[in-house]
Amino acid sequence: MIELGKYAVTVWMAYGVSAILLVGLIWHTVAANARARRELKKQEDHG
Amino acid sequence: MIALLKRDLVLATRAGGGFGLAVAFFLILCSLVPFGVGPQSATLRPVAPGILWVGALLSCLLSLDRIFALDHEDGSLDLLATAPIPLEGVVAIKALAHWLTTAVPLIIAAPLFGVLLQLPAAAMPMLVASLAIGTPALSVLGAFGAAVTVGLRRGGLLLSLLVLPLYIPTLIFGTEAIRRSAEGGQAGVALMLLAGISAAVLALVPFAAAAALRINLR
Amino acid sequence: MSIWEYANPVKFMRVSGAMLPWTVAAAVLCCVAGVVWGFLTPLDYKQGATVKILFLHVPAAMMAINIWVMMLVASLIWLIRRHHVSALAAKAAAPVGAVMTLIALATGAIWGQPMWGSWWEWDPRLTSFLILFLFYVGYIALWSAVEDPDSAADLTGVLCLVGSVFALLSRYAVLFWNQGLHQGASLSVAPGERMSAIYRYPLYLSMLGFFLLFLALLLIRTRTEIRKRRLAALIAREMRT
């Protein structure tokens, strides 16, 4: 385990918050893309 | 253009035009602050410049959506767009009308509210001067925000979201000028920077506002 | 419909589709490597372990500003040349920029708590980032408020132009207002002020990682927007017939 000293909580919190924000952004991006792809495909198959 | 200005002033001042509402709002804001922070003059005095400027900002904001919304609804904005005067001129006149009906009463009433908030007498001229120099920029930037959001449903909330960040430099230099003169310091630099911002905004932003109007009227 | 409107997005879809797997792979590799390497650096003699936050804070802050600049360039290209992909790329970049600004603010606040003794200081750099975040929020809100896509692109383009001027103006106004606690640029070119190499190289790597991450997200989001636009066009055509 890496030595973090007395600031361990601070460091983990910073990494945690950043990870949550980034994962949220990536998830939103991928989900929106999949939805757009699906809906477009459905529309193209119909018409 | 003079006719347009006269028409706007008449529309704003007759019944239902909302003339004076901004001053009333300003009064309420200034009388609410002591309830929030406490009546001691030692606490009121340092925050007075900021409260007065933020109050002026918010009072200006109240009537911004009226700049173009009414004319857009009854179609006279389309007429103005095809009128022989340039749209940039229309924007400037509309902003001027907004300034005359909203900001000028505020500037006149401001020393009164300064007294309410224990602003030192030495800073009063600077309060009036900074408001007189800074508020034209608020009106023109507001006209830009109103032009962007004109035809939108629920544009009012979006308008404040777009316009308030644009007010930050004006707010900073305006309060800084008052604070410096209240502390007996040199307020000239802040006032000059404020004037610089106002001049640049007056010269350039009407073009952006007219561009936004053209897009919305397309 | 002119040839530009049709041909350009198709070409973009083809090129970006080919680029995407490589960009994603490189982004993941650089981000993970940079941040892990940064995490394994020794403790700073003054800041202790909090120096590790640097490897998130600095790249996020850099991207927060650069994404806005990219949006400005894309908006200008749209306003002048009317390339639809350009406007959609600006739209796609804005949420990424907002999240980067938020990360820079959050990591800055978490770092400042033990270092400056408070979560938030009205320091010029922090304040400027808060203002930048407000501009991002306004920009995104305007995109979602206007229904007609071309008007939305035009209006947000104009807003981006005006906003850029005022974001810059605010930056200097805030300096006038309050001199700060924040340290100067982390990657100063002046000799003697540079941070030591053990921190610098992982920082470069994580900056590259964040840039590639932005590129990958931008490509995906722009592709999403193009698909949405095409879907709307197809539905509109169906309604007509």
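These numbers come from a predicted model, not from an experiment. Below, chain A is the first sequence line, B the second, and so on; all start at residue 1.
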Within the distance-only criterion (no hydrogens, no angle test), does the side chain of B:R45 pair as donor or acceptor with the backbone N or O of B:Q118 below 3.5 angstrom? yes

If one checks every heavy atom of B:A200 against chain C at 4.5 Å, the contacting part turns out to be neither

Should the pair C:W120 and C:W122 be assigned to parallel (<30°), tilted (30 to 60°) or perpendicular (>60°) ring geometry? perpendicular

Below 4.5 Å from any heavy atom of chain C, which atoms of B:L162 appear? Answer side chain, backbone, both or neither. side chain

Is B:L193 close to chain C through its backbone or its side chain, or both, or neither, when contacts mean heavy atoms under 4.5 Å? side chain

Relative to chain C, which segment of B:L157 carries a heavy atom at a distance below 4.5 Å: side chain, backbone, both, or neither? neither

Would C:R81 count as a cation-pi partner of C:W78, with NZ or CZ less than 6.0 Å from the six-membered ring centre and within 45° of the ring normal? no

Given B:V148, B:L161, B:L166, the one with more heavy-atom pairs under 4.5 angstrom with chain C than any other is B:L166

In plain terms, say whether B:R214 and B:E88 are close enough for a salt bridge, that is, a side-chain N and a carboxylate O under 4.0 Å apart. yes

Is a side-chain N or O of B:Y167 found less than 3.5 angstrom from the main chain of B:L57, in a donor-acceptor match? no

Measure distances from B:V163 to the heavy atoms of chain C and classify the residue's part below 4.5 Å as side chain, backbone, both or neither. neither

Should we say atom CZ of B:F207 is surrounded by more than 12 heavy atoms from elsewhere, each under 6.0 Å from it? no

Can you tell which part of B:I168 gets under 4.5 Å to a heavy atom of chain C, answering side chain, backbone, both or neither? side chain

Less than 4.0 angstrom from a charged side-chain N to a carboxylate O is my criterion; do B:E176 and B:R180 meet it? yes

What part of C:L159 is in contact with chain B, defined as an atom under 4.5 angstrom from a non-hydrogen atom: side chain, backbone, both or neither? both

Looking at C:T156, C:V158, C:L161, C:D148, which has the largest count of heavy-atom pairs under 4.5 Å with chain B? C:V158

Pick whichever of C:L134, C:V165, C:L142 has the most heavy-atom pairs under 4.5 Å with chain B. C:L142

Under 4.5 Å from a heavy atom of chain C, the part of B:L204 involved: neither

Note: C:R82-C:D150 ion pair, threshold 4.0 Å (strictly below): no

